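Computed from a prediction, not measured in an experiment: that's the story for all the values here.
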Amino acid sequence: MVIRRTEILYNRTAQPKRPKRSNTKPSSSTSPKTKPVHTDKSRKRKAVEMSSSSSSDDEPLLTSPKKPKAGSRRPNGGAVSAKAPPAGEVAKAAVLPNTAVVKASEEDDVSSDDDDAPLTAKAKSKGTAQADPSDSEDAPLAKAASKPKAKRAPPKKAKEESDDDDVFRASTSKAKKAPKTPAKKTKVEPKEESQSPSKSSQSPSKAKAEKKAKAKKEEEEQEEIHKWWEQEALGDGTQKWSTLEHQGVLFPPPYESLPKAVKLYYDGESVNLSIEAEEVAGFFAAMLETDHAKDATFCKNFFTDFKAVLARHPPLDGTVISDFEKCDFTKMYNYFEEERTKKKALPAAAKKEAKAEKDKAEAKYVYCLLDGRKEKVGNFRAEPPGLFRGRGDHPRKGALKHRLSPGDITINIGKEAQIPVPNVPGTWGKVIHDDTVTWLAHWKENINGNAKYVFLAAGSSLKGQSDMQKFEKARELKNHIDRVRDDYNSKLTSRVTQERQMATALYFIDKLALRAGNEKGDDEADTVGCCSLRYEHVTLQPTDRLVFDFLGKDSIRYYKVVDVEPQVYKNIRIFKGDNKTEGDAIFDRVTTTSINKHLNSYMKGLTAKVFRTYNASITFQQQLEERTPKDGSMIEKLAAYNEANRMVAILCNHQKSVSKNHGASMEKMENQVSGIRLMFLLLTRLLTSCRSELSSTNAANLEYRKQENIAEDESDVDDEWIATFEDESREREIEKAKKKFEKDNEKKAAEGEEELKPDVLEDRIAKVNEEYDRLKTERGTDKVEIKGKKTEEQILAAIEKLDTRIKTEKFKMEDKEKGKEVSLGTSKINYLDPRITTAWCKKYNVPIEKLFSKTLMVKFPWAMEVEDSWVF
DNA sequence: CATCCAAACTCGGAGCCGCCTGC
DNA sequence: CGCAGGCGGCTCCGAGTTTGGAT
């Protein structure tokens with residue numbers, strides 16, 4: 001499997017440059033042509049760009065960095081691989097002329113599909129080989145493993161345990177309930193802060209004292225961490241807490257009406273809106289310049305809801321608003337913009353103060369008390385009213401999201417805890433004491449009737465535990481994966497359609513990391529996953545190649561060209577065959593429920609999404625193993641890590657839109673590199689003249705490279721280029737000088753000093769020109785002057801330095817280019833077992849901070865202590 | 001020290017999956 | 001009694017905003 005996975009990663013033929021979120025932003029000009037991908041259900045969706053440009057296939061994501069020049073790099077359209085099948089393959093394809101024939105041949109090729117057997121075998125051998133024998137795999141496991149075991153322990157055990165807790169309960173003062181098994185954690189009291197700093201403040205110097213206090217505090221905080229992962233048992237998972245105290249949700253401040261002068265205009269006249277209607281109009285006005293306001297569905301839904309509000313709260317001046325087109329929101333929009341810039345321009349101190357105030361108001365909501373422990377709450381703010389921003393072609397986008405009041409909220413809290421008082425008038429809709437769930441508050445959102453919750457933060461013990469369980473479950477799949485694969489591979493030829501469909505679907509879920517694909521309703525965006533794949537989402541190409549093109553979760557386009565097992569190819573032919581057409585499900589005998597049920601028979605708790613976690617993590621681990629240079633530099637190691645991360649992101653189809661200044665940014669880097677190259681060239685020349693052996697620049701260059709073993713770069717630094725570069729640099733410096741001059745004067749004016757005379761500026765410019773004129777005369781000659789470089793050794797050292805700088809810069813650029821539309825964060829947060837990273841860090845002596853951000857560190861405390869030999 | 005830009009974090013919508021319920 | 005459909009609870013997801021580091 002290890003090997004196969006890689007193959008898949010590489011086999012993908014070039015992706016057409018995804019029209020990033022093309023459907024989300026139909027108006028976006030960057031997504032070019034579209035080919036109809038619709039179904040009879042969701043009709044207007046168009047999506048996919050199809051490029052006519054043929055292009056190489058087996059060359060994914062990597063666009064070789066070229067010279068920037070203008071906005072040249074917009075990859076227009078992608079390349080659907082229009083590869084001409086090799087002759088031999090054509091013949092093969094002829095084997096599958098039509099469904100009938102295929103059907104007839106169904107039973108035939110059982111032999112051909114256990115092609116996967118070697119796969120698993122490989123995986124096994126490789127796995128063990130690198131896993132550094134059995135015990136290394138088991139030892140760390142055993143350590144952490146008390147949990148998995150415990151998890152499976154009968155519920156009774158947990159019960160006993162929680163009963164035990166009661167013994168401790170009495171001891172905690174404030175909460176009058178106590179932590180579970182306090183043995184391992186050192187300190188639990190939430191009210192620490194006050195004492196320690198003051199105690200430690202005996203230090204002489206103030207700064208020192210402060211520092212010390214800080215250190216001490218940190219230390220203390222560390223001590224306080226509840227190391228639940230070191231505890232024996234986690235309980236049976238039904239009871240999530242025994243005591244719980246929190247403040248409920250924080251409501252946004254009530255709406256304040258706009259200044260009198262700021263009005264909605266209707267048919268050219270200002271309207272005196274009711275305050276309720278004004279708020280809603282404001283929601284739209286604020287989004288006037290976004291793509292949303294240009295979206296028909298969005299506007300339609302907004303206006304419907306707006307009119308409903310108007311009906312309840314009519315304009316005070318009797319205006320009747322019935323035509324969206326006649327509404328003019330610009331005055332409101334402008335006002336918001338003004339406010340925004342005003343706010344931005346506020347002095348830093350004022351900003352700080354405002355923030356401090358806000359923090360203070362929110363402070364008590366930030367933490368809750370779970371089993372007596374202070375734990376961070378996730379999103380404690382009630383979602384403010386606004387317009388629903390559905391993703392993709394969501395039928396409800398633009399609808400008005402109501403303002404919540406306490407009556408809408410259900411609070412879940414410990415029986416003995418004090419019930420919080422809402423920060424706005426009203427009382428909680430309901431207060432319950434359900435210790436089998438993890439949410440603190442809950443309400444129903446009015447758009448789709450979906451439930452919303454307040455949960456603990458990602459770094460909390462509750463979240464951490466379930467996160468770890470998720471990865472443990474994925475690891476458990478390792479023990480069953482061979483069996484599962486053998487099974488679905490053999491069933492690819494089953495005579496029972498249902499089995500065959502299930503096997504094929506599983507193949508996709510496993511190999512392509514597709515999501516399960518639940519059915520969706522009419523009131524939701526038309527997106528699909530494996531089971532909901534329709535006729536038009538998969539097309540067949542000669543020689544066992546499938547083209548997937550559909551919108552997945554969040555309306556992210558999934559476009560991949562994949563070479564599959566011949567039998568899978570045949571199966572898709574069959575499933576698409578006969579009387580099916582666009583809009584029909586490919587897997588009509590399989591549902592997410594049936595798949596999960598089936599999977600559960602291999603392993604308790606096994607579901608489709610476990611495959612995503614498993615494959616992501618195992619691929620990551622294996623890619624790391626492969627790519628990490630054993631004694632490379634830090635940069636190289638980090639690059640390898642990144643690359644492994646990227647492979648996973650590609651597998652999981654985690655995308656991001658290309659940032660709008662990507663092109664400019666690349667150009668800038670390119671320019672920098674060119675600058676360095678020029679310097680490089682000059683220095684080589686200088687070296688030449690210094691040695692006075694060779695006279696030709698190129699010869700010197702070559703000579704140098706030969707001697708010092710420095711790689712030839714495809715440098716396009718020729719004389720002509722140097723000329724433009726120098727001219728441009730000259731321009732830039734002159735601009736800079738002008739700017740500086742103005743600034744200096746502003747400063748002087750502010751300080752009441754006399755302004756600089758214009759000739760000072762001219763002087764400065766002259767200096768720049770002088771310098772560049774000199775360069776110009778030197779251009780193409782051997783005469784080079786670079787200050788500071790005297791001896792041959794110095795020059796050589798400088799050249800060497802430049803060379804590595806060029807290399808690292810270029811490397812950075814490649815990395816950036818490759819990653820411009822791949823989002824690495826999602827997999828890092830959700831799919832990659834953090835212990836793979838921590839073990840790798842230890843093994844290769846890389847500081848974890850280079851890979852995990854602060855929040856990630858907070859999220860994964862449980863992964864920090866594994867040994868370097870730990871394997872997923 | 002201001003400015004610029006990328007990384008980090010916040011936000012809230014989307015999807016998965018188990019369980020309950022009602023036919 | 002079986003199972004489909006809906007709901008509850010939780011993970012996952014990229015955009016948008018904020019932060020902070022480089023220069």
Side-chain angles (χ1 to χ4, degrees), chain A residues 20-21 24-25 240 287 290-292 340 344 348 351 355 378-384 386-392 394 396-397 401 410 412 434 436-439 442 444-445 447-458 462-463 466-467 469-470 515-521 524-525 527-532 551-556 591-597 599-600 605-610 612-613 616 649 652-657 659-662 664-665 668-669 672 739 743 747 812 816 819 821-831 852-859:
Chain A
K20 43 154 201 199
R21 293 208 157 225
T24 318
K25 310 178 181 172
K240 303 298 198 326
M287 301 171 83
T290 67
D291 287 349
H292 287 118
R340 230 163 56 107
K344 227 170 156 181
K351 277 192 205 163
K355 185 167 190 297
N379 187 24
F380 51 81
R381 275 171 278 263
E383 287 178 17
L387 303 181
F388 178 74
R389 299 155 106 103
R391 310 218 174 112
H394 198 296
R396 293 285 288 143
K397 66 166 125 179
K401 215 165 68 167
T410 300
N412 187 33
D434 185 349
T436 66
V437 296
T438 64
W439 52 267
H442 157 267
K444 202 165 226 170
E445 149 266 309
I447 303 290
N448 305 300
N450 290 337
K452 295 279 195 170
Y453 299 86
V454 172
F455 292 119
L456 294 190
L462 238 35
K463 289 285 193 194
S466 72
D467 212 28
Q469 274 173 37
K470 173 182 78 185
R515 294 191 181 79
N518 281 321
E519 284 303 319
K520 300 191 71 184
E524 296 169 285
T527 60
V528 300
C530 185
C531 294
S532 44
L551 296 180
K553 180 179 176 184
D554 287 344
S555 293
I556 298 296
T591 65
T592 53
T593 316
S594 67
I595 284 217
N596 286 336
K597 204 170 156 193
L599 287 175
N600 199 54
L606 184 60
T607 62
K609 70 164 254 174
V610 178
R612 248 169 103 79
T613 312
C652 293
N653 200 38
H654 293 145
Q655 307 187 10
K656 72 178 182 206
S657 50
S659 82
K660 59 174 177 285
N661 44 23
H662 175 81
S665 174
K668 203 171 151 188
M669 289 174 87
Q672 265 180 5
K739 263 198 182 146
K743 224 152 188 196
K747 205 171 164 189
K812 267 202 233 162
K816 196 186 170 85
E821 49 190 20
V822 181
S823 164
L824 301 186
T826 305
S827 48
K828 215 171 185 176
I829 294 171
N830 298 303
Y831 288 102
F852 280 175
S853 65
K854 202 181 78 206
T855 36
L856 248 30
M857 295 290 283
V858 171
K859 181 176 181 188

May I have the distance from [X] (atom [atom1]) to [N] (atom [atom2]), rounded to whole angstrom?
| X | N | atom1 | atom2 | result |
| --- | --- | --- | --- | --- |
| His442(A) | dC7(C) | NE2 | P | 11 Å |
| Arg396(A) | dG12(B) | CZ | C1' | 16 Å |
| Asn448(A) | dG6(C) | CG | P | 14 Å |
| Asn450(A) | dC7(C) | CG | C1' | 10 Å |
| Asn412(A) | dC10(C) | CG | C1' | 14 Å |
| Leu456(A) | dC10(C) | CG | P | 10 Å |
| Tyr453(A) | dG8(C) | OH | P | 6 Å |
| Glu445(A) | dG8(C) | CD | C1' | 14 Å |

Is the phosphate of [N], meaning OP1 or OP2, less than 4.0 Å from a side-chain N or O of [X]?
| X | N | result |
| --- | --- | --- |
| Arg381(A) | dC11(B) | yes |
| Lys463(A) | dC10(C) | no |
| Ser823(A) | dC13(C) | no |
| Ser657(A) | dA15(C) | yes |

Looking only at heavy atoms, what is the nearest atom pair of [X] and [Y], with distance?
| X | Y | answer |
| --- | --- | --- |
| Gly605(A) | Val610(A) | O-CG2, 4.0 Å |
| Asn448(A) | Phe388(A) | ND2-CZ, 3.7 Å |
| Leu456(A) | Lys463(A) | O-CE, 3.4 Å |

Scan [X] against the nucleic acid and name what it touches under 4.0 Å (heavy atoms): base, sugar-phosphate only, or nothing.
| X | result |
| --- | --- |
| Phe455(A) | base |
| Arg340(A) | nothing |
| Lys355(A) | sugar-phosphate |
| His394(A) | sugar-phosphate |

inquiry  = So, taking the atom named CZ in Arg612(A) and the one named CG in Asn653(A), what distance separates them when rounded to the nearest 0.5 Å?
reply    =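 Spacing of CZ (Arg612(A)) from CG (Asn653(A)) equals 8.0 Å.
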query = How long is the span from the OG1 atom in Thr591(A) to the CG atom in Asn596(A), to the nearest 0.5 Å?
reply =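 If we round to the nearest 0.5 Å, Thr591(A):OG1 and Asn596(A):CG are 8.5 Å apart.
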Side chain of [X] only, heavy atoms from C-beta on: which candidate in [options] is closest?
| X | options | result |
| --- | --- | --- |
| Ser466(A) | dT11(C), dG9(C), dG14(C) | dT11(C) |
| Lys470(A) | dT11(C), dA8(B), dG9(C) | dT11(C) |
| Ser853(A) | dC13(C), dA8(B), dA15(C) | dA8(B) |
| Val437(A) | dG14(C), dG9(C), dA15(C) | dG9(C) |
| Trp439(A) | dG13(B), dG9(C), dC12(C) | dG9(C) |

Option from Lys444(A), Lys401(A), Arg389(A) for which salt bridge (charged side-chain N to carboxylate O under 4.0 Å, His left out) with Glu383(A) holds =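 Between Glu383(A) and the candidates, salt bridge (charged side-chain N to carboxylate O under 4.0 Å, His left out) is satisfied uniquely by Lys401(A).
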message = Let me spell it out: for each of Lys452(A) and Thr855(A), pick the nucleotide of DNA chain B with the closest heavy atom. Which residue's pick is nearer the 5' end?
response =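 Residue closer to the 5' terminus by nearest nucleotide: Thr855(A).
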message = Quick one: does any side-chain atom of Lys520(A) pair with a main-chain N or O of Ala525(A) as donor and acceptor, under 3.5 Å?
response =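 Yes, Lys520(A) side chain to Ala525(A) backbone: donor-acceptor pair under 3.5 Å.
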request  = Determine, for nucleotides 15-23 of chain B in 5'-to-3' order, which nucleotides have protein heavy atoms under 4.0 Å from the base (write B), from only the sugar-phosphate (write S), or from neither (write -).
outcome  = SBBS-----
From CA spacing to verdict: side chain to side chain contact (heavy atoms under 4.5 Å, CB included), Leu856(A), Ile829(A) = CA-CA 7 Å; Leu856(A) 248 30; Ile829(A) 294 171; 3.8 Å; yes
ask   = In terms of the nearest nucleotide of DNA chain C, which residue is placed more toward the 5' end: Thr826(A) or Lys854(A)?
value =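 First, find each residue's nearest nucleotide; the 5'-ward one identifies Thr826(A).
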ask   = Considering heavy-atom distances to DNA chain C, does Lys859(A) or His292(A) have its closest nucleotide positioned more toward the 5' end?
value =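 With Lys859(A) and His292(A) compared, the 5'-side residue is Lys859(A).
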ask   = Among all residues two or more places apart in sequence or in another chain, which pass the salt bridge (Lys or Arg N to Asp or Glu O under 4.0 Å) test with Lys854(A)?
value =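 Checked Lys854(A) against salt bridge (Lys or Arg N to Asp or Glu O under 4.0 Å); zero matches.
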